Amino acid sequence: MFGNVGIYVEEKIVLATRFKDHSPVDNGIWIATKVAYQPILKEMFPSLRNLETYNIKSWLLLPDEADDFEEAAAAIAELIKQNSHLIGVIPKSKNKK
């Protein structure tokens, strides 16, 4: 994932982690979600924001410098554990040529 580590649950990608010293603006935990669910997640977790470096609409960021990083990360992990429809997307298959 281009320097990120992706985390899957079955066929759904749910999270990615990112840490780059030279470009820290989007460091933290990336949460895969549908655009329609983003307002709900942002209300649940006020530290979540859209990515700044990349124009990727299906991800939200929990910045590593967020004051509530640990608590929010644990709560997001619990949503994943509960198989919440709010988190996770099935990546489009790549056709081999």
Side-chain angles (χ1 to χ4, degrees):
M1 276 199 65
F2 309 105
N4 294 12
V5 175
I7 300 166
Y8 289 77
V9 173
E10 296 178 8
E11 72 276 359
K12 291 191 311 184
I13 188 162
V14 292
L15 301 174
T17 59
R18 179 181 190 269
F19 181 82
K20 292 187 179 182
D21 283 327
H22 66 280
S23 178
V25 68
D26 283 331
N27 282 350
I29 300 174
W30 293 19
I31 296 99
T33 184
K34 295 181 179 177
V35 173
Y37 302 142
Q38 291 182 9
I40 298 166
L41 288 168
K42 286 180 177 179
E43 187 173 321
M44 294 171 68
F45 306 103
S47 295
L48 291 182
R49 65 167 174 79
N50 294 90
L51 301 174
E52 292 181 20
T53 306
Y54 307 98
N55 188 24
I56 306 172
K57 303 283 187 224
S58 59
W59 291 93
L60 290 174
L61 172 69
L62 176 59
D64 61 358
E65 76 273 357
D67 290 338
D68 64 342
F69 180 83
E70 290 83 8
E71 296 84 7
I76 290 165
E78 188 61 34
L79 286 175
I80 294 167
K81 183 178 170 184
Q82 295 171 3
N83 198 28
S84 172
H85 67 282
L86 298 174
I87 298 177
V89 295
I90 298 173
K92 295 177 184 171
S93 63
K94 294 182 172 63
N95 294 332
K96 294 183 180 181
K97 295 181 181 183

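The figures that follow rest on heavy atoms only: side chains count, while hydrogens, waters and symmetry mates do not. Source: prediction; values computed, not measured.
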OH on Tyr8 to CD1 on Ile13, rounded to 0.5 Å: 4.0 Å
Do you know which two heavy atoms are closest between Pro63 and Ser47, and how far apart they sit? CD-O, 3.3 Å
Yes or no on side-chain contact (heavy atoms from CB on, under 4.5 Å) for Arg18 and Asp64, after CA distance, side-chain angles and deciding distance? CA-CA 9 Å; Arg18 179 181 190 269; Asp64 61 358; over 6 Å; no
Looking at Ser58 and Thr33, would you say the former's side chain and the latter's main chain have a donor-acceptor pair under 3.5 Å? no
Can you tell me if NZ on Lys42 sees more than 12 non-hydrogen neighbours from other groups inside 6.0 Å? yes
Is the shortest heavy-atom distance from the side chain of Leu41 to the side chain of Leu60 under 4.5 Å? yes
When you measure from the side chain of Glu65 to the backbone N and O of Gly28, does any donor-acceptor pair fall under 3.5 Å? no
Below 4.5 Å, heavy atoms only, C-beta onward: do Ile76 and Phe45 meet side chain to side chain? yes
Shortest non-hydrogen contact from Gln38 to Lys57? NE2-O, 2.6 Å
Are Ile31 and Leu15 close enough, and set up right, to give a side-chain contact (heavy atoms from CB on, under 4.5 Å), and what steps lead you there? CA-CA 5 Å; Ile31 296 99; Leu15 301 174; 3.8 Å; yes
Mark yes when over 12 heavy atoms from residues, nucleotides or ligands other than Glu43 sit less than 6.0 Å from its CD; otherwise mark no. no
Rounded to the nearest 0.5 Å, what separation is found between the NZ atom of Lys81 and the CG atom of Leu79? 12.0 Å
To the nearest 0.5 Å, tell me how far Ile29 CD1 sits from Ile7 CD1. 7.5 Å
Ile40 side, atom CD1; Leu48 side, atom CG - distance, nearest 0.5 Å: 12.5 Å
If you compare all heavy atoms of Trp59 against all heavy atoms of Asn50, which two are closest, and at what distance to 0.1 Å? O-ND2, 4.5 Å
Give a yes or no on this: more than 12 heavy atoms of other residues, nucleotides or ligands lie within 6.0 Å of atom CD of Glu10. no
Side chains of Pro24 and Phe19: closer than 4.5 Å at any heavy-atom pair? no
Without swapping roles, check the side chain of Asn27 against the backbone of Lys20 for a donor-acceptor pair under 3.5 Å. yes
Short question: side chain of Asp26, backbone of Thr53 - any donor-acceptor pair under 3.5 Å? yes
What is the minimum heavy-atom distance between Ala32 and Val89, and which atoms define it? CB-CG2, 4.0 Å
